[in-house]
Amino acid sequence: MNKNILYRSIPKVDVLLENEAIQALIAHYSRDTVIEAIHMEMDRLRGFIGQCEDEEKAKMQIELLVSHIEGTVEAMHTPNMRMVVNGTGTILHTNLGRAPISREHMKKIVKVATGYSNLEYNLEAGKRGERYSHFEKLLCKITGAEAAMAVNNNAAAVMLILSSLAKGGEVVVSRGELVEIGGKFRIPDVMEQSGAALVEVGTTNKTHYDDYENAITEETKALLKVHTSNYRIVGFTDTVGIDELIPLAKEHDLPVIEDLGSGVLIDLSKYGITYEPTVQESIRKGADVVCFSGDKLLGGPQAGIIIGRKKYIDMMKKNQLTRALRIDKFTAAALELVLQEYLSEEKALRNLPVLRMITSPYEEVEKEARTLVRMLRRASLPAKIEVHKCESQIGGGSLPLERIPSMAAAIRPEKISVAELEERMRHLPVPIIPRTANDTIILDARTIEKQLFSVIVNQLKEFHVLEEVSLIGEAKL
Ligand SMILES: *Cc1c(COP(=O)(O)O)cnc(C)c1O
């Protein structure tokens, strides 16, 4: 096999540029991109020939050069971040983007974001405005707080609060509340970043009023309560509630800060979910500053919402850190839309996808799972497909023990393994992320929008996902 002849048979760049398919690519994309792809593919081809000992295979690759260039250019223009089907039954799946935003809200956000907006412009006065103005009044109305603002996420909120209120001083916190949230966010580390010193009191399972009282010194700047959103300490336990801390803090003229984590605005116990302290309750009991996530149980965009007394919120708005942590126009627009829904509980439950999924009655989810199973069966796939009782989870570090009865479509492939099926589903154009249990693929209907059922079925069929040989490779490009 003469490799020199093979190398010489690779078309030259100027010859390729005359090729009809390449010309079409240039017309559709740009000359520079196409030339970049040509060089990438040629390098790859030369490398392949250098290693290949099978002449026929090498010739085949040379013949495929143009189609590989097409594939590369198309891949360069295909966003890697895309929608996926969440079949896991975990409603606030942090890796899958936490709270979905409703289509109706997105339509409105598109209008704001594709043109100019009054993000920081006061239309009444005709001068500079505040980006929080669009949702501050709403937040105050819903929660009963005096003032409000928002930053990029709740971790940033905690940092900003501590930096504004306690920098150079001490903050007292219970050892039972030194939380690590996913992604290495640890309360003690955040406090260190903020320039406030942590004073731990009590023990892991028990903290008493006296512990707080004895820890207060001249250096104390605040008392901090952290809601242990992602774990529960059960058994021989004791914590000091916010209502007990308020009088103590008042006596020493200290603010009480509460990091609520999930930030639920509706008492979900009416819908069979374990009671979580609401934001309103925290304010009513007298917390001076409260923060929570925008994309956990609130069901909105990623944000860290901070509410509380005006004098403290004003200090935070003036903190230089705020400039580095500020929310963008998408978030500001989305927060206003989401919060507006909370003016009526019924509207919030109907129009916010997260709340709708959490409160959707079992009978309804069962009906949808049956529809999905019926559609899958009609596609005559080589698999055993049945409805399967399962349990959904809230996720996102909220209500860790909660299990919501649910119904799924269970798929047991006949020709391939469950592991293979799971991998293939991940590589579809609209990837499907399932849960696997007892050697079965489970698609929990609670977290799958009905509109996606046909996307699931069509893809499984079209790409021969359950056959011995699938067409997924082509889908991957
Ligand atoms: C989730 C959580 C955070 C972090 O919130 P993000 O919005 O994810 O940054 C902080 N504190 C508590 C108690 C939480 O539950």
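Not measured: the values here are computed from a predicted model. Basis for what follows: all heavy atoms, side chains included, without hydrogens, waters or symmetry-related copies. Heads up: numbering here begins at 1 and tracks the sequence.
- V418 approaches D439 most closely through the heavy-atom pair CG2-O, 3.2 Å.
- Heavy-atom minimum distance, A148 versus I307: CB-CG2, 3.6 Å.
- Residues V430 and V84 form no side-chain contact, since every pair of their non-hydrogen atoms from C-beta on lies 4.5 Å or further apart.
- Judged by distance alone, the side chain of T447 and the main-chain N or O of G89 form a donor-acceptor pair under 3.5 Å.
- Of the N and O atoms on the side chains of N86 and T88, at least one donor lies less than 3.5 Å from an acceptor on the other residue.
- Looking only at atom types and distance, the side chain of T440 has no donor-acceptor partner in the side chain of N438 under 3.5 Å away.
- With a 6.0 Å cutoff to the six-membered ring centre and a 45° limit on the axis angle, K317 does not count as a cation-pi contact of Y132.
- Between M425 and I441, the closest side-chain pair of non-hydrogen atoms falls below 4.5 Å.
- Among all heavy-atom pairs drawn from A145 and C140, the shortest one is O-CB, 3.2 Å.
- Shown here for R309 and E146, the closest heavy-atom pair between the two residues is CA-OE1, 3.5 Å.
- Looking at N205, its side chain never comes within 3.5 Å of a backbone N or O of T237 through a donor-acceptor pair.
- One side chain, S282 or E258, offers a donor N or O that lies under 3.5 Å from an acceptor on the other.
- Counting heavy atoms from C-beta on, the side chains of I305 and L335 come closer than 4.5 Å.
- A salt bridge links E368 with K450; the closest basic N to acidic carboxylate O contact falls under 4.0 Å.
- Taking 4.0 Å as the cut-off between side-chain N and carboxylate O, R356 and E364 do not count as a salt-bridged pair.
- Residue M357 comes nearest to R446 through the heavy atom pair O-NH1, 2.9 Å, listed as atom of the first residue, atom of the second, then distance.
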Apply side chain to side chain contact (heavy atoms under 4.5 Å, CB included) to the pair L248 and Y212, showing each step before the final yes or no. CA-CA 9 Å; L248 176 65; Y212 284 96; 3.7 Å; yes
Would you check, one step at a time, whether the test side chain to side chain contact (heavy atoms under 4.5 Å, CB included) holds for L160 with I306? CA-CA 9 Å; L160 177 64; I306 311 174; 4.0 Å; yes
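- Counting heavy atoms from C-beta outward, V354 and L92 have side chains that approach closer than 4.5 Å.
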Full working for salt bridge (charged side-chain N to carboxylate O under 4.0 Å, His left out) between R424 and E420: CA-CA 6 Å; R424 287 179 182 184; E420 175 70 25; 2.8 Å; yes
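- Between the side chains of Q393 and R435, not a single donor N or O lies within less than 3.5 Å of an accepting N or O.
- The distance from the CG atom of L428 to the CZ atom of R426 is 11.0 Å, given to the nearest 0.5 Å.
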Would you sort out whether E402 and T274 count as a side chain to side chain donor-acceptor pair (under 3.5 Å), showing the intermediate values? CA-CA 7 Å; E402 200 70 32; T274 312; 2.3 Å; yes
So T359 and L268, side chain to side chain contact (heavy atoms under 4.5 Å, CB included) or not? Walk me through it. CA-CA 8 Å; T359 59; L268 292 173; 4.3 Å; yes
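- Between the side chains of E341 and N351, a donor-acceptor pair is found at a separation under 3.5 Å.
- C390 contributes atom SG, which lies 11.5 Å from atom CZ of R403 (distance to the nearest 0.5 angstrom).
- At distances below 3.5 Å, not a single donor-acceptor pair connects side-chain atoms of H252 with backbone N or O atoms of A222.
- Of the N and O atoms on the side chains of T331 and D328, at least one donor lies less than 3.5 Å from an acceptor on the other residue.
- Atoms OG and CG, on S293 and D259 in that order, are 8.0 Å from each other to the nearest 0.5 Å.
- Residues K310 and E136 are not paired through a salt bridge, judged by the lack of any N-O separation under 4.0 Å between the basic side chain and the carboxylate.
- Within a 6.0 Å sphere centred on CD of E192, heavy atoms belonging to other residues, nucleotides or ligands number 12 at most.
- For residues 340-360, no pair satisfies ring pair (Phe, Tyr, Trp, His ring centres under 6.0 Å), with sequence neighbours left out.
- At a cut-off of 3.5 Å, with distance as the only test, a side-chain donor of D444 or S406 sits close to an acceptor on the other residue.
- For Q302 (side chain) and N152 (main-chain N/O), a donor-acceptor pair under 3.5 Å exists by modelled atom type.
- A donor atom on one side chain and an acceptor atom on the other are not found under 3.5 Å apart for T228 and E177.
- Put simply, the side chain of D211 reaches to within 4.5 Å of the side chain of H208, judged on heavy atoms.
- Scanning both residues, S194 and M159, for their nearest heavy atoms gives CB-O, 3.6 Å.
- Side-chain contact of N319 with S164: a donor-acceptor pair under 3.5 Å is present, judged by distance alone.
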Where do D32 and S30 land on the side chain to side chain donor-acceptor pair (under 3.5 Å) test, with the steps shown first? CA-CA 5 Å; D32 285 351; S30 80; 5.5 Å; no
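- With rounding to the nearest 0.5 angstrom, the CZ atom of R284 is 11.0 Å from the CG atom of D243.
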Take K108 and E104 through the test salt bridge (charged side-chain N to carboxylate O under 4.0 Å, His left out) and record every step on the way to the result. CA-CA 7 Å; K108 292 177 180 165; E104 287 308 307; 5.8 Å; no
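- In this structure, the separation between CG on L165 and NZ on K221 is 9.5 Å, given to the nearest 0.5 Å.
- Side chains of V173 and V201 form no contact here, defined as non-hydrogen atoms less than 4.5 Å apart.
- Atoms CD1 and NE2, on I91 and H93 in that order, are 12.0 Å from each other to the nearest 0.5 Å.
- Contact check for M407 versus K389: side-chain heavy atoms found under the 4.5 Å cut-off.
- Judged purely by atom type and a 3.5 angstrom limit, T78 uses its side chain to pair as donor or acceptor with the backbone of E74.
- Looking at L460 and I411, their side chains come closer than 4.5 Å, going by heavy atoms from C-beta outward.
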